[in-house]
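Just so we're on the same page: letters track the sequence lines, and every chain starts at 1.
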There are 2 protein chains.
Amino acid sequence: MDVLDRVEARLLVVDDEPNIRELLSASLRLSGFEVMTAVDGREAVQFAERIRPDLVVLDVMLPDMDGFAVAGRLRELGGQMPVLFLTARDATDDKVTGLKVADDYVTKPFSLEEVLARIRAVLRRTRGDLDLPVRLRVGDLELDEEAHQVWKAGEVVRLSPTEFKLLHYLMVNTGRVLSKAQILDHVWNYDFGGDAGVVESYVSYLRRKIDTVEPRLIHTLRGVGYVLRPPQGD
Amino acid sequence: MDVLDRVEARLLVVDDEPNIRELLSASLRLSGFEVMTAVDGREAVQFAERIRPDLVVLDVMLPDMDGFAVAGRLRELGGQMPVLFLTARDATDDKVTGLKVADDYVTKPFSLEEVLARIRAVLRRTRGDLDLPVRLRVGDLELDEEAHQVWKAGEVVRLSPTEFKLLHYLMVNTGRVLSKAQILDHVWNYDFGGDAGVVESYVSYLRRKIDTVEPRLIHTLRGVGYVLRPPQGD
DNA sequence: GCCCTGGCTGAACGTTTCCTGAGAAGAGCC
DNA sequence: GGCTCTTCTCAGGAAACGTTCAGCCAGGGC
C-alpha cells in the first residue's frame, strides 16, 4: 500500500511485442499505475492525444515509425509528456545512440525493478520534487538509490548489483510477503531461464551482509516467501 | 540535485534535424530546464515572441532563413535573449565571423557536456552573477570551469580536454552513480560510434593523475558504473 | 519421534567486467 | 614537415559476479 497510494499516475505503454506489452502493463498496474497500451507509433500518438498520460513507455523499434519520430509527435501535442525508452542492449544504430542520450531509457532484457525505478525517477523529476533524496530506511538499514549505496547501523555495506536490486525490492515492499517467483520476476531479467534456487542463494548472501544480528529484518515464511519487517513490528 | 535547482530557465531549441532537436530537448529537460522546440526560423521567431525564453539554442543552417537572420529578428524583439549557435565544425570563415554576433557557439557534433557548460556560462553572464567563480570542489580536488584548470591537493594538474570533461561530469554529479553509457553519452560527441571501453581508459588516466593516494575519490561499482565520492562519505 | 519437504549455505564453475599497458592513427603546433 | 599531445582500440590478466549443485539443517505433519 506504500507504493500504491504514492504513485497514482497514468501511463501509456507502447510495444509491438505482445509479451513485453503484457508483462509491463500487468506489473505496472499491480504497482498502482493506470495503464493503457498501444502497439505502434500511430496508435500511440492517437491514444496519447486522447488520454494525456503522465508518462509514455516507448519501445524504440516499432513497426511503423521510430522512437524519435513518436517522441517528436508527442511533444507537438504539448503538455509535458516524458518518455521512457526501451531499447536493445547492443543497439548501435545512430538513431538509438541519439535516444540513449535522453538518459531515461532501459535496455532489454530489463528487470521490472529497473523499469519501475526509472519511471518513478522520471515522474519525480517532472513533478518537481527533485531534491528529496531517494533514501529507503527500514530499522537501522538505509539504502540510497542514486548513490547506489547501503548502510547497516551506519556502516557502509558493499553489495553486488544483484544483491542491491534484491534488497531494494524487499525494502520497497517492506511488510509485504514476496514469493520467490515474484522476486525472480522483479529482480531478475525477464528472459532469465533459471530456477528459484538463485533467490535462496541471494537471500543468504544478503543476510550474511546485513542481517547477522538481532533483531532480524529478513524473515522466511516457509512455503510462502520472504518479508522484510521493521524491528518492533515483530 | 546540485545542478537541477541552480538553473531554472526557459530555453528555445531551434533545429530542423529531428534527431538533434530531440536529443537536445530531452537532455536539457533532464538537466532541469524548461524547453520548447522550433523547426525553422519562422517558427523560432514566433515562439520566441510568445514565450520569451531566457536563451535560444539556434542551428545556423535552417531551411528557411539562416541563423544570423533569425538572431537579428530576435534582437529586434527586444529584451535580452542570448543566442547559442550550433554550427558545423568545418564552417567557412565568413560564417565564423558572423558568429561574433552570437553570445557563443558550439560546433557539431557536440557533446552534451559542452552544450550544458556553454548554456550555463551564457546564462550566468546575462544574469550578472558574474563574480561567483564556478569552482567545483570534492575533497582536495578543485576544478575551475572558466579557467579550465584542475588542482589536486593545491597542485595544478594538467588534463587533456577529454580528461577534463570527464572529471567535470563526475564532479557535477558527485555522489551519484554514472553508468558507462551515461558517461559516454554526455562526455563524448553524440556521433561517437565506439564502445564503452574508452570510458574505462579515461577513468584509468584520470585516476593516475588525480587519484593515486588514499582516500580514493573515484570508485568503481562493478556492473553499475563509476562514482565520485567525497572522502568521509565512505 | 520420525519422516518429508522446503530452505540454507559453502564450494565450484564458467562468465563477465574491469584495469592497464602498448601501439596506431589523427590533430594541432611550431 | 616533423614534432608532440591526444584519442581510441585492443588484448592479457585479475578479480568479482552469477549460477548451479549437493549436503545439511529445520519445521511441520503424522
Check: Going by heavy atoms in the side chains, are B/V122 and B/P82 under 4.5 Å from each other?
Finding: yes
Notebook entry, point to check: Quick one: are A/L11 and A/V56 in side-chain contact, heavy atoms under 4.5 Å?
Noted result: no
Next item on the list: For the helix from C/dG1-D/dC30 to C/dC30-D/dG1, figure out the bend between the end axes, five pairs an end, and round to 10 degrees.
Entry: 30°
Check: Heavy-atom distance under 4.5 Å between the side chains of B/L86 and B/L58, does that happen here?
Finding: no
Checklist line | Sidechain N-carboxylate O distance under 4.0 Å for B/D104, B/R118 | finding: yes
Note to self: For a quick check, with a 4.0 angstrom heavy-atom cut-off, what is the B/S/- contact string for nucleotides 14-30 of chain C, read 5' to 3'?
What the structure shows: ---BSBBS---------
Notebook entry, point to check: Does B/W188 put a side-chain nitrogen or oxygen below 4.0 Å from OP1 or OP2 of D/dT7?
Noted result: no
Checklist line | Evaluation steps, salt bridge (Lys or Arg N to Asp or Glu O under 4.0 Å), between A/E114 and A/K165 | finding: CA-CA 9 Å; A/E114 273 170 61; A/K165 278 202 276 186; 3.5 Å; yes
Check: Per the side chain to side chain contact (heavy atoms under 4.5 Å, CB included) rule, which among A/R176, A/E200, A/H219 passes with A/Y226?
Finding: A/E200
Margin query: Rounding to an integer number of Å, can you tell me how far A/D195 CG sits from C/dC8 C1'?
Written below: 14 Å
Item checked: Euclidean distance, atom NZ of residue A/K209 to atom C1' of C/dT9 [Å, nearest integer] -> 15 Å
Note to self: What I want to find out is whether B/R216 reaches B/D211 closely enough, with some N-O distance under 4.0 Å, to be called a salt bridge.
What the structure shows: no
Notebook entry, point to check: Aromatic ring centroids of A/Y202 and A/W188 under 6.0 Å?
Noted result: yes
Note to self: Does B/R21 form a salt bridge (Lys or Arg N to Asp or Glu O under 4.0 Å) with B/D15? I'd like the steps, not just the answer.
What the structure shows: CA-CA 6 Å; B/R21 209 170 53 233; B/D15 201 312; over 6 Å; no
Item checked: A/K108 bridged to A/E17 by N-O distance under 4.0 Å -> yes
Checklist line | Whole angstrom value for the distance that separates C1' of D/dC17 from CG of A/L166 | finding: 15 Å
Check: What's the CZ-P distance between A/F164 and D/dG18, to the nearest Å?
Finding: 13 Å
Next item on the list: Answer yes or no: are there more than 12 heavy-atom neighbours, outside A/E214 itself, under 6.0 Å from its atom CD?
Entry: yes
Listed pairs, N/O of protein and of nucleotides 3-5 of chain D, under 3.5 Å:
none

